[in-house]
Number of protein chains: 2
Amino acid sequence: MANSVSGDSVVDRVVRVIAAFPEGASSLQLSDLAVRAGLPLTTAHRLVRQLAAHGLLETGAGGTVRLGLRLWELVNRNSPTLALRQAAMPFMEDIQQVLNQNVNLAVLDGWEALFVERLSRRGSVANRAKVAGRMPVHVSSAGLALMAHQDMALQADYLAQFADPVGKATVDTMRGLLSETAHQGYAQLAGVVDPDTWGIAVPVIDGKKRAVAALGIVVPLQEMRLQALVPALQTAARGIARRLGRDEP
Amino acid sequence: MANSVSGDSVVDRVVRVIAAFPEGASSLQLSDLAVRAGLPLTTAHRLVRQLAAHGLLETGAGGTVRLGLRLWELVNRNSPTLALRQAAMPFMEDIQQVLNQNVNLAVLDGWEALFVERLSRRGSVANRAKVAGRMPVHVSSAGLALMAHQDMALQADYLAQFADPVGKATVDTMRGLLSETAHQGYAQLAGVVDPDTWGIAVPVIDGKKRAVAALGIVVPLQEMRLQALVPALQTAARGIARRLGRDEP
DNA sequence: CCATCGCTTCCATTGAATGGTAGAACTTGT
DNA sequence: ACAAGTTCTACCATTCAATGGAAGCGATGG
């Protein structure tokens with residue numbers, strides 16, 4: 001009974017509190033939060049109150065807790081993806097206008113593609129939800145496009161992941177997929193969420209020939225015409241890269 | 001020399017670190033960060049390292065610090081504005097398509113309008129920057145639309161702000177502006193950033209007759225035709241309110 | 001009306017946070 | 001190439017802020 005019997009620092013706990021919210025759940029009961037964060041109720045309560053005092057969290061009636069507007073503001077003012085999204089937005093809008101498909105923008109984080117922006121197909125109401133969503137590299141065209149244009153060392157690390165469970169076959173398949181993607185300059189993959197759609201993605205390449213982002217679209221199977229779609233995406237990706245380069249050389 | 005000679009808690013300091021980034025500056029030198037956060041260099045260094053271990057911050061070469069992707073992800077997955085933005089997005093796109101003007105969505109935070117989403121006019125490359133921007137209530141049409149439809153108590157508190165410096169005249173002007181806005185059902189105001197533009201905003205009203213958001217557009221002076229614009233905005237605002245109501249009754 | 005459940009306050013204990021000092025890594029000027 | 005300067009990182013004895021069990025409070029419900 002003293003400074004943390006569990007041996008984790010205050011910072012650890014603050015992070016756990018912020019990260020405790022399950023995806024899409026904007027609010028949580030204090031007691032649930034305490035359980036999810038693995039904290040004694042008393043401690044959770046104290047931390048929440050302190051964070052709320054700064055506006056990083058907000059507390060509603062009956063001990064309900066949510067992320068605070070101020071936190072949203074701080075993060076969206078200075079987000080590392082801000083420059084990227086600003087550079088990409090006009091081109092994404094163009095793509096959306098011309099091709100009328102769902103357009104998305106992803107970056108690589110670990111072995112996953114993290115979607116940082118998305119424009120829905122006109123009329124399709126859905127889909128805005130998945131901003132800040134993740135997809136494993138090997139099941140997303142964006143992931144493939146990103147991984148195919150990374151350092152060889154990083155790719156090797158990634159492929160090592162597949163060695164354990166299934167063996168050499170999977171590694172080779174994956175390696176082939178990546179090198180094919182790299183040669184083609186784009187990635188395509190059957191839709192995971194919806195089996196009747198295909199994903200196409202192209203890398204946004206920086207000055208060091210590395211993919212800093214992937215620009216992708218989701219296309220209904222019957223509208224799948226690579227000849228028309230890929231060049232449009234590649235042109236846009238080059239445009240994004242150019243705008244990025246100008247800001248931070 | 002012990003646990004905080006300055007008497008602030010670890011949580012306070014963590015918040016200061018996250019909030020230390022000046023608007024739009026995605027990265028900061030460690031020493032600058034320490035100064036901005038009002039922390040001894042050593043302490044700042046330790047906190048940054050701990051936060052970086054969790055991905056809330058990222059450290060680059062040469063002690064440069066930026067907000068982490070993981071923080072962005074957590075906040076954008078569970079942001080309090082998520083439901084609102086999801087509900088509003090389709091309508092904002094409609095407005096943008098039909099009127100071809102800059103569209104924005106704001107909520108009230110303190111005595112300011114906080115812009116949570118924005119769609120740029122087609123062709124105008126600018127403007128995406130100002131998401132997460134703030135404008136004082138009295139100089140933004142969105143702010144007026146929001147404040148005009150709040151509890152009388154809150155409005156009174158707000159008006160009290162103006163009492164001190166200038167006196168009764170300003171309070172009365174402001175009160176008049178608010179009640180006029182409330183009666184009209186929309187707010188209009190000469191552009192602050194650009195003198196040749198006007199802002200128009202309408203409230204998104206919830207079940208308790210309070211404005212939870214404001215939907216606004218920025219119109220070049222020569223295209224200012226209230227008769228055409230206001231009804232379109234009001235229709236969209238009602239649509240947003242309806243979708244919001246469905247999710248959280 | 002009492003029982004239950006969840007949020008909040010209180011407070012003695014103690015180990016985690018602190019930050020000065022010192023050294024490493026890097027940049028700049030001569 | 002060397003020195004002076006600047007900025008980041010590591011170390012570690014001191015001590016006060018964080019801790020969390022216990023008890024109080026308030027609401028819901030049977």
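First the proteins, then the strands, lettered A, B, ... as listed; each starts at 1.
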To the nearest 0.5 Å, atom CG of Leu57(B) lies from atom CG of Leu47(B) at 9.5 Å
Would you kindly say whether Ser79(A) and Asn76(A) are connected by a side-chain donor-acceptor distance under 3.5 Å? no
Taking the side chain from Gln155(B) and the backbone from Met147(B), do they hold a donor-acceptor pair closer than 3.5 Å? yes
By nearest nucleotide on DNA chain C, pick out whichever of Gln29(A) and Val11(A) is the more 5' one. Gln29(A)
I need the minimum non-hydrogen distance between Ala237(A) and Val204(A), along with the two atoms involved. O-CG1, 3.9 Å
Give the nucleotide from the list dG20(D), dC11(D), dC8(D) with an atom nearest to the side chain of Arg13(A). dG20(D)
Rounded to whole Å, please give me the gap between CG in Leu33(B) and P in dT9(D). 12 Å
May I ask you to check whether Thr64(A) and Gln29(A) show a side-chain donor-acceptor distance below 3.5 Å? no
Give Thr42(A) one of three labels, base, sugar-phosphate or nothing, depending on what nucleic acid heavy atoms sit under 4.0 Å from its own. base
Between dT18(C), dT8(C), dT9(D), spot the one nearest the side chain of Leu41(B), thanks. dT9(D)
Nearest whole angstrom, please: distance from the C1' of dC8(D) to the CG of Leu28(B). 14 Å
What integer distance in Å separates Leu39(A):CG from dT19(D):C1'? 11 Å
Which residues in residues 44-64 of chain B have a heavy atom closer than 4.0 Å to any atom of DNA chain C? Arg46(B)
Atom pair CH2/CZ of Trp72(B) and Arg77(B) - distance to nearest 0.5 Å: 10.0 Å
If I take atom CG in residue Leu30(A) and atom P in nucleotide dG26(D), what distance separates them, rounded to the nearest angstrom? 17 Å
Taking 4.0 Å as the cut-off, does a side-chain nitrogen or oxygen of Ser9(B) come that near to OP1 or OP2 on dA17(D)? no
Using heavy atoms to find the nearest nucleotide of DNA chain C for Thr43(B) and Ser31(A) separately, return the residue whose nucleotide is more 5′. Ser31(A)
